[in-house]
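The next block holds one structure in the form of structure tokens; read it before the comments.
Throughout, protein chains are lettered first and strands after them, A, B, ... in sequence-line order, and every chain is numbered starting at 1.
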Amino acid sequence: MGAARPAKAGARGEAAPDEDAFFPEGAPLSALPALPVDKPLDYLAPPGGVRAGDWVEAPIGPRRALALVWGPPSAELPPDRLKPLARRLDLPPMTPETRRFLARAADYTLIELGQVLRLASRAPGLREAPRMRRLLTLGPERPERMTPARRRVIAFLEAHDGMPFEPAELARQAGVGPGVVKGLEAAGALSARLAPHDPPFARLDPAFAPPALSPAQDEAAEALRQSVAARGYATFLLKGVTGSGKTEVYMEAVAECLRQGRQALVLLPEIALTAAFLDRFERRFGARPAEWHSAAGDAGRRRCWRAAASGQAQVVVGARSAVFLPFRDLGLVVVDEEHDGSYKQEDGPRYNARDMAVLRAALGRATAVLASATPALETWANARAGKYRRLDLPERFGPAVMPRMQAVDMRRHAPPRGEWISEPLARAVNERLARGEQSLLFINRRGYAPLTLCRGCGAHMGCPHCDAWLVEHRLRGRLVCHQCGHSRPVPKACPECGRADALAALGPGVERLAEEARARFPKARTALLSSDLAQSAEQLKARIAAIAAGEADVIIGTQLVAKGHNFPLLTLVGVIDADLGLKGGDLRAAEKTFQLLRQVAGRAGRADRPGAALLQTYAPDHPVIRAILSGDEETFWEREAAQREAAGAPPFGRMAGVIVSGPDEARVWRTAEALARAGAALEQAGAQLFGPAPAPIARIRGRFRVRLLVKAPRGAPLQAALRAWRAATRPEPGVSVVIDIDPQSFL
DNA sequence: AGCACGCCGACT
DNA sequence: GTCGGCGTGCTC
């Protein structure tokens, strides 16, 4: 996310200057339907009039759509051609801040403005009247005829001190039939009132249970508190390893936000992690926040959306799409584990919730907090450039931030053919076994073996849809393509030459490594952890928890172990192939490997009991390996940033990936070349175009794919230029051109 | 998002 | 000759 400057006029769909303009019945106005239109359409105000920001129902073709009153009419059509809006909806109006945010988000992500409104209104039942229910309390009168059943109802209500009940619930609790309650109400002994069906969220108390903070935590918390209290824009990078207390620190920012009477949003990358977070939240503030994620259900989403819009929900905790909720007054956005790839929406409208969070804070005079132990390169670069304020949390229990890191030079310690655990690593594991401690053997490759080769004719088992090799999954008895998911049974004989028993499995996967570990450490209890072995997310979590609690001595795992769960008994991490991922054309390979290996190695030991990590490598002098060994991440990031600039690859900030794909290779290539030729138009706008790369054309899921890259200096109108450029080139039939504004996807 | 319009393939 | 595939465009 680039600089967070205040809103600038001129962007498409900018909120009208007259922010709460009133439009009396019949007056022309513009309103934005929640469908993929790229600008508001003109309508006439409905009976009773409307204001900018009001939710309405707009006729669109033969249908009616949810829409938002945007501002004065564009006057592109004469007023006699305009249709009147159907009606004003009983929903809290959208604030000018949120409207400006939606406009800028559309501009930044190249998503149609109406589609962004749709993201902001994805809750069920918005066009229906809010559901109400009848509640009964004790009325002023007593009934003339008193019966035992009636007495029970009255006594029950008296005992509950004015608390209201639904009729059916009251009858059940008082142990009477529904007729008794009805009779009492008719006699005037009970009075009824209507209340919203969705109960309000419990009030949160910022003073409920403030934790004792370390001096370093308190310093960071104070910086955040001051920023929230100042009610202006700022973004912080809150950096600290697991266990440094990041969560406690940003919870204090939430507390200050509550004291300010503004709303806070906490984005979490994984729904699976929310339950633990919610418990923690409740212990701090005495009640649970509103939740926003797909698993919350229709009722939950409706309740959360309305409470966010009305301001009743003080804090919303949610997945990435929560960033588009129409908050009434958002004062703080926290993005936890900001480097996490799941903040990126890849299907349908493409956006990165982390970037949207920063944009939203900038336009709403709010504080954004990006929390991570391993920030994304672009976040790190933004902090270095002074756009984000950086807060570093040291380890609470002393300087032992990372485990002792050591390389095992595989050129000197090569294991025998068909094995992958070196002697030094085996020794280290045996030491742990003797002490009753856990070891983790890490290999970032699922399955048994990455390559199956015929010893007879040399044929390798490739995917019929991609160029990728098929990976043998021995536990499933299948060959699987990790690119496209295609799978087939493991053949008995070579499909090329027909020779039986000639197929050889080459290279290690996690299943094979587990086999080797069991043979190598026969007395140890081994456990295999791989995402494709789990039946369900729940089951996987339970399994990880059991292993973390000590059910295994040697864990053999894929990158799944890098995230989430802590392993308190773990004191050794052995990285089987630290070089994996450093090869290949991915510009982000070094950065990704660096982060992954640090995260995995960081699982070893705890702050008070540092562990060790052994990296098996054939290239101990590779800069990435050296950076991981030295732990000097600042230098590493500096180098990565500089190298990208030197290579002419877009550095940071304003850039876009352009994905050209289709089923016909020649058509995809011709379209990519046509786009490249039209790049002159981009260059006039100060942008540069890279590609298409001369490398062989990629095949993914049966479609050919070519990538182009566009970069523009800060301040260049990249979005507008991209729009014009794309419009100027007609893709060949069947070819699609997708512009991806987020850097993570294409680097 | 729907829905109509429109231009090329296989068919009673 | 037509029926129908879904690519493209429009909705105030």
Regarding Gln115(A), tell me which of base, sugar-phosphate or nothing describes its non-hydrogen contacts under 4.0 Å with the strands shown.
sugar-phosphate
What is the distance, to the nearest angstrom, from the CG atom on Leu32(A) to the P atom on dA1(B)?
15 Å
Filter on salt bridge (charged side-chain N to carboxylate O under 4.0 Å, His left out), then keep only pairs touching residues 66-76 of chain A, sequence neighbours left out; what's left?
Lys39(A)-Glu76(A)
Tell me what Pro73(A) touches on the nucleic acid: a base, only sugar-phosphate, or nothing, going by heavy atoms under 4.0 Å.
nothing
Could you pull out every donor-acceptor pair under 3.5 Å between side chains of residues 84-96 of chain A and any protein atom, sequence neighbours left out?
residue, atom, partner, partner atom, Å
Arg87(A), NE, Glu57(A), OE1, 3.3
Arg87(A), NH2, Glu57(A), OE2, 3.4
Arg87(A), NH2, Arg127(A), O, 2.9
Arg88(A), NE, Asp54(A), OD2, 3.2
Thr95(A), OG1, Thr98(A), N, 3.2
Thr95(A), OG1, Thr98(A), OG1, 3.0

I need the CZ-P distance between Arg127(A) and dA1(B), as an integer number of Å.
15 Å
By ring-ring contact (aromatic ring centres under 6.0 Å, His included), which residues pair with His293(A), not counting sequence neighbours?
none
With a strict under 4.0 Å distance from non-hydrogen atoms of chain A, what nucleotide opens and what nucleotide closes the contacted stretch of DNA chain C, reading 5' to 3'?
dT8(C) to dC12(C)
Please report the distance, rounded to the nearest Å, between CD1 in Ile111(A) and C1' in dA1(B).
15 Å
Please report, rounded to the nearest Å, how far the P atom of dA1(B) is from the CZ atom of Arg122(A).
10 Å
Will you find, in the side chains of Thr379(A) and Glu338(A), an N or O donor that is under 3.5 Å from an N or O acceptor?
yes
Leu66(A) CG to dG2(B) P, straight-line distance once rounded to whole Å
13 Å
Sequence neighbours excluded, which residues qualify as side-chain contact (heavy atoms from CB on, under 4.5 Å) partners of Arg63(A)?
none
With sugar-phosphate meaning primed atoms plus P, OP1 and OP2, does Ile60(A) contact a base, only sugar-phosphate, or nothing at under 4.0 Å between heavy atoms?
base
Name every donor-acceptor pair, under 3.5 Å, that has one atom in a side chain of residues 325-333 of chain A and the other anywhere in the protein, sequence neighbours excluded.
residue, atom, partner, partner atom, Å
Asp329(A), OD1, Arg262(A), NE, 3.1
Asp329(A), OD1, Arg262(A), NH2, 3.2
Asp329(A), OD2, Arg262(A), NE, 3.4

